[in-house]
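The next block holds one structure in the form of structure tokens; read it before the comments.
One-based numbering, in listed order, for ligands and for the atoms of each. This chain uses plain numbering: 1 for the first residue, then up along the sequence.
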Amino acid sequence: MSPLKHFYNMQLGIIDLSLPSAVTIPLNPEQVLKRIGGIAMNRELLHEHGDAIVFGTGPLTGSFAPASSLLTATFASPIFTHVCHVPFMLRTGPAMKFSGIDFLVVKGTATELSIIYVNRGNVHVRPATHLRSVPAQDIMNALKKEFRPSGAALVTGPAADHGILYASVSVEGHGSLDKAGLASVMAAKNLKGIVFGGTGGLPFGRDNPGQGKELIQRISADRNFIHRGFAALLKLMDGGKAAGIIPGKAKKKDMACYNCPAPCMTHVSFPRQDFSLLLLDHMGVTALAKKTGAHALPLLRRCLQFGLDPAGVARRLPDGKTEAEWLFAIEKMLTEAERNQIAAEQSADVPVKNHALFGGGIAPIPPLDTWHTRVGLAMILGVCPLFFLRFPTISETDLLRFISQDEAALTKLQESLTASIRSVISD
Ligand code: SF4
């Protein structure tokens with residue numbers, strides 16, 4: 001029996017938006033055992049199905065392993081012009097898995113703007129023309145009424161509807177680490193978003209709750225465990241002085257994703273101005289802060305409403321303007337003339353090939369010599385890559401032991417994982 005059996009539904013959803021048709025079929029157990037999951041499986045499914053977007057979970061997604069929040073998307077990036085893997089956290093991974101499927105292949109182009117709903121192992125395609133040009137947060141409010149149950153959603157905003165290359169997928173209206181153009185690829189398929197019902201569950205391993213607690217105990221004295229929140233992670237990044245951009249007047253609360261014991265996000269609210277934001281995109285906020293200083297958060301709010309990548313926007317903004325002028329410049333990015341200029345740009349601030357391979361949005365946290373291997377492993381196994389980077393005392397064997405503690409099975413899993421990470425990084 002495969003040790004992965006308790007960690008997956010063993011179900012694959014396949015959608016052809018051009019028909020539209022939607023089916024759920026059993027996963028090939030040998031293929032899963034060989035590739036383990038996450039981006040290594042996504043990559044194979046992408047090769048099998050051609051022009052598609054593949055969404056996938058890892059075996060540990062939704063499990064008792066710490067930070068088991070991960071969902072990944074694999075596709076041909078129009079920004080980096082090769083296959084990229086973008087991570088999504090919050091509740092996205094568990095919501096997909098608890099909707100009864102482990103991987104989802106989206107092929108073809110819909111004749112009208114559409115949205116996918118997944119629940120109880122069934123996949124549906126529904127019209128979404130009423131969501132065109134609607135701000136991302138308002139889309140979330142509409143979806144919560146329209147789709148019940150609704151465990152998590154990925155959507156695109158008005159920027160993707162307008163064909164902007166630097167459009168970025170929004171998770172629950174909070175933005176994401178999509179800096180590789182996934183939102184514009186979804187828009188080209190007339191796909192507005194995906195909603196996961198997320199009410200099911202899986203058994204996972206009997207010893208897993210205790211193993212999770214042991215790992216948390218091990219990292220509890222680590223400075224990255226003690227120093228929490230968005231600003232604490234910014235300080236680990238080169239040029240992280242941007243941490244100072246979070247104004248002292250804001251009310252702040254550190255936030256974590258599904259089963260993560262070490263929050264790296266912060267919710268900030270400004271009661272007087274009547275707005276609040278969940279800060280989760282360290283590279284995007286840093287880029288805006290470098291360009292606009294203390295004005296970064298109002299500008300971030302506008303980026304999130306439009307569904308724009310703040311880093312892509314920061315590259316486009318002129319220097320030395322007022323906040324009102326910068327806000328106007330962002331609105332102008334939705335116009336035709338600006339759209340063409342943006343499409344002609346290359347992503348200047350993502351110099352490292354492997355950083356681009358993983359979507360360009362995962363913060364470059366030292367030690368950088370093992371960065372790509374640890375990010376790849378996390379994105380195959382289904383745990384948050386930022387968490388795995390912040391706690392190097394957690395090894396891949398620690399994570400594999402959640403799947404099996406039998407030494408022979410562990411050796412085989414280790415071999416498959418090593419081969420899978422090699423194949424992913426060689427792209
Ligand atoms: S490390 Fe940050 S992004 Fe990752 S799971 Fe924890 S809170 Fe979420």
Side-chain angles (χ1 to χ4, degrees), residues 38-39 57-73 85-97 151-152 154 168-179 198 212-213 215-216 218-220 222-237 240 243 246 252-268 277-286 300 304 310-311 355 358-366 371 374-394 398-399 402:
I39 58 173
T57 63
L60 298 183
T61 299
S63 75
F64 293 92
S68 58
S69 55
L70 191 72
L71 167 70
T72 55
H85 312 280
V86 170
F88 295 103
M89 280 74 92
L90 292 171
R91 269 195 60 83
T92 52
M96 177 170 171
K97 197 177 256 187
L154 307 173
S168 182
V169 168
S170 181
V171 177
E172 303 285 314
H174 301 304
S176 75
L177 305 188
D178 168 26
K179 301 192 185 304
K213 281 183 193 155
L215 281 190
I216 293 168
R218 190 195 301 169
I219 61 173
S220 60
D222 192 302
R223 60 188 287 274
N224 288 330
F225 190 86
I226 295 160
H227 300 291
R228 298 169 164 219
F230 191 77
L233 193 143
L234 282 182
K235 284 177 187 159
L236 301 178
M237 292 167 53
I246 301 175
K252 296 174 219 161
K253 188 176 179 191
D254 295 334
M255 305 285 283
C257 306
Y258 181 91
N259 206 26
C260 178
C264 78
M265 308 183 297
T266 297
H267 184 267
V268 292
L277 295 166
L278 180 62
L279 304 180
L280 56 76
D281 175 5
H282 304 86
M283 294 187 68
V285 173
T286 302
L300 173 67
L304 298 184
H355 198 231
F358 299 117
I362 302 173
I365 300 171
W371 185 93
R374 287 187 71 82
V375 169
L377 285 166
M379 288 180 61
I380 290 172
L381 290 173
V383 298
C384 169
L386 286 173
F387 178 85
F388 201 47
L389 286 169
R390 287 162 73 207
F391 298 104
T393 53
I394 298 179
D398 289 325
L399 295 181
F402 278 84

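Between the side chain of Asp254 and the backbone N or O of Pro263, no donor-acceptor pair lies under 3.5 Å. Side-chain atoms of Lys97 come within 3.5 Å of backbone N or O of Pro59 as a donor-acceptor pair. In terms of modelled atom types and a separation under 3.5 Å, the side chain of Arg374 and the main chain of Phe388 share a donor-acceptor contact.
Sorted pairs that involve residues 223-234 and meet side chain to side chain donor-acceptor pair (under 3.5 Å), not counting sequence neighbours, are lacking altogether.
Residue-and-atom listing of protein N/O/S atoms under 2.8 Å from atom 2 (Fe) of ligand 1, sorted by chain and number: Cys264 SG.
For Asp222, the salt bridge (charged side-chain N to carboxylate O under 4.0 Å, His left out) criterion is met by no residue, not counting sequence neighbours. By the side-chain hydrogen bond (donor to acceptor under 3.5 Å, both in side chains) test, Thr72 pairs with Asn42, sequence neighbours left out.
One distance of note links CD1 of Ile394 with CD1 of Ile216; it measures 8.5 Å at 0.5 Å rounding.
Proximity to Arg390 (heavy-atom distance under 4.0 Å) selects the following atoms of ligand 1: 1 (S). Within the listing of ligand 1, atoms 5 (S) sit less than 4.0 angstrom from a heavy atom of Ser69.
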